[in-house]
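Take this structure, written in structure tokens, and hold onto it; I'll ask about it next.
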Number of protein chains: 2
Amino acid sequence: MTKSQRTRSLIVDAALRLFRERGYERTTMRAIAEAAGVSVGNAYYYFRSKEELVQGFYEHIAADHTAAAAEPLTGSTDLAQRLRVTLLAWLTVAEPYHALAGRFFAVAAQPGNPLSPFSQASYPARQVAIALYREVIEGSSIRVAEELEPELPELLWLYHLGIVLFWVYDDSAGLRRTRALIERTVPMVERLCRLSRLRVFRPLTRQIPQLLTELRNGD
Amino acid sequence: MTKSQRTRSLIVDAALRLFRERGYERTTMRAIAEAAGVSVGNAYYYFRSKEELVQGFYEHIAADHTAAAAEPLTGSTDLAQRLRVTLLAWLTVAEPYHALAGRFFAVAAQPGNPLSPFSQASYPARQVAIALYREVIEGSSIRVAEELEPELPELLWLYHLGIVLFWVYDDSAGLRRTRALIERTVPMVERLCRLSRLRVFRPLTRQIPQLLTELRNGD
DNA sequence: GTCTATAGCAAGATAGAC
DNA sequence: GTCTATCTTGCTATAGAC
């Protein structure tokens, strides 16, 4: 680890800690710099803006999620149950960052920003997340339509993103509404997976791989 | 129109124009006030913060969308076609604000912020948007499962929000990827609506009203 | 209640020296 | 890579006009 990397992570760690403690607005760059033991100018040498510091969230969360889901995933081969525990694990891991989530969107949605979940730069983190959902599926006893099978991990990751979006906006006590959304939709997703093998469904399922291909290639 | 309302809209119009011309960051409150022909203090008399000015986007876009969709909607009774022209009309109306969309999310996603599309304060704009989708359905020849019918406008509006989210992140030339998403998913949505009447689907469709009820009530 | 003018603070961001 | 000094700008406060 170079000196540069160490300084960088000193700053990120200090920033995320202060953000969690005091909130984003009430954490000043001066306070972050002081807590990290560097000058304000140095902090700006590594991060072009205060918002860019939110990227620390991104770096931490994918790895933490995989780790947190590992143990609960050993308990069941039922897809619905596996999905449920995986999503609940994410809620637990992400909880300290809930208040920051709005800011996170602001950063990620700047046009061309590498933090967009669909960007080239997010490829590694995205692969980690999709790999987790591949494990969710492979450890389950589900059988889905043949043409859907290779796409299912990515589809479940998109479903996960939908839950995350809802979570961002959810200010109910104890995230009651997000939990309700998970409880209600997880069985629906499982049912849709099962139904995908029916003949009436074929015209629909056949379109999905094409759709994903079109959306993926080329920014 | 009172003098108060006129001043207010002078400020919003100036702000949105400058935001589009120079971007959000590079537009100062001093410049907005000057362009609107008012003092800085007066701008702050009407809007408590610069971010609050983004709500002008919100106010404009719902009304503009309904207006822009009206004419193309006269052309067809096919649900897929009606959905397609409605979504494409939104793309046209929202296009000048694409670069601002990230900021818009930043504002809207602050916990408890009135700009959240799910908040109490957004109720009027949400009703306008949902009413548009009610018209999309009612002018079509589609028949869906009985229990789904009252919820369908809101479901289509949620689908619309999903497209909008994708659009926010879409930096492809001419919004190629968002257009592809619309072209591909519109027939899928129509097909799902049709399939909803099948018996195998009943356990799934029956859950939807309950889900929406749970998610709606109580912030 | 609506508005101007202006002074000034706090904090995000930058320039330039080392 | 790092620092100090400085600039910029969001925002507030105040005093007063109509």
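Residue numbering restarts at 1 for every chain, and letters A, B, ... go by the order of the sequence lines. Only this structure's heavy atoms are used, side chains among them; waters, hydrogens and symmetry mates stay out.
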Review point. Does one side chain, of T185(A) or Y159(A), offer a donor that lies under 3.5 Å from an acceptor on the other?
Key: yes
Less than 3.5 Å apart, which donor and acceptor atoms pair up between the side chains of residues 125-132 of chain A and the rest of the protein, not counting sequence neighbours?
residue, atom, partner, partner atom, Å
R126(A), NH1, P117(A), O, 2.8
R126(A), NH1, S119(A), O, 2.9

Review point. Do R177(A) and E214(B) sit within salt-bridge range, that is, some charged N less than 4.0 Å from a carboxylate O?
Key: no
Study note, to complete from the structure: Students should find that the nucleotides of DNA chain D closing off the region near chain A, any atom under 4.0 angstrom from a heavy atom, are dG1(D) to dT4(D)
Review point. Are R179(B) and E183(B) close enough for a salt bridge, meaning some N to O gap below 4.0 Å?
Key: no
Review point. Of all of residues 18-39 of chain A, which get a heavy atom below 4.0 angstrom from DNA chain D, listed by number?
Key: V38(A), S39(A)
Give every donor-acceptor pair under 3.5 Å between a side-chain atom in residues 62-71 of chain A and any protein atom, sequence neighbours left out.
residue, atom, partner, partner atom, Å
H65(A), NE2, T86(A), O, 2.8
T66(A), OG1, A62(A), O, 3.3

**Study point:** Criterion side chain to side chain donor-acceptor pair (under 3.5 Å) on R8(B) and Q5(B), from CA distance to verdict
**Key:** CA-CA 5 Å; R8(B) 194 187 165 84; Q5(B) 286 171 319; over 6 Å; no
Review point. Among pairs that include at least one residue of residues 22-42 of chain A, which meet salt bridge (charged side-chain N to carboxylate O under 4.0 Å, His left out), considering only residues two or more places apart or in two chains?
Key: E25(A)-R103(A)
Practice item. Indicate yes or no: does E151(A) engage R216(A) in a salt bridge with an N to O separation below 4.0 Å. Key: yes
Check your understanding: Whole-Å distance between dG12(C) C1' and K50(B) NZ?
Key -> 12 Å
Review point. Can a donor-acceptor pair be found between the side chains of T7(A) and Y45(A) at a distance below 3.5 Å?
Key: no
Exercise for review: Pick base, sugar-phosphate or nothing for F47(A), based on heavy-atom distances below 4.0 Å to the nucleic acid.
Suggested key: nothing
Review point. Near DNA chain D, under 4.0 Å by heavy atom, which residues of residues 3-16 of chain A?
Key: K3(A), S4(A), T7(A)
**Study point:** Six-ring centre of Y24(B), K50(B) cation under 6.0 angstrom, axis tolerance 45°
**Key:** yes
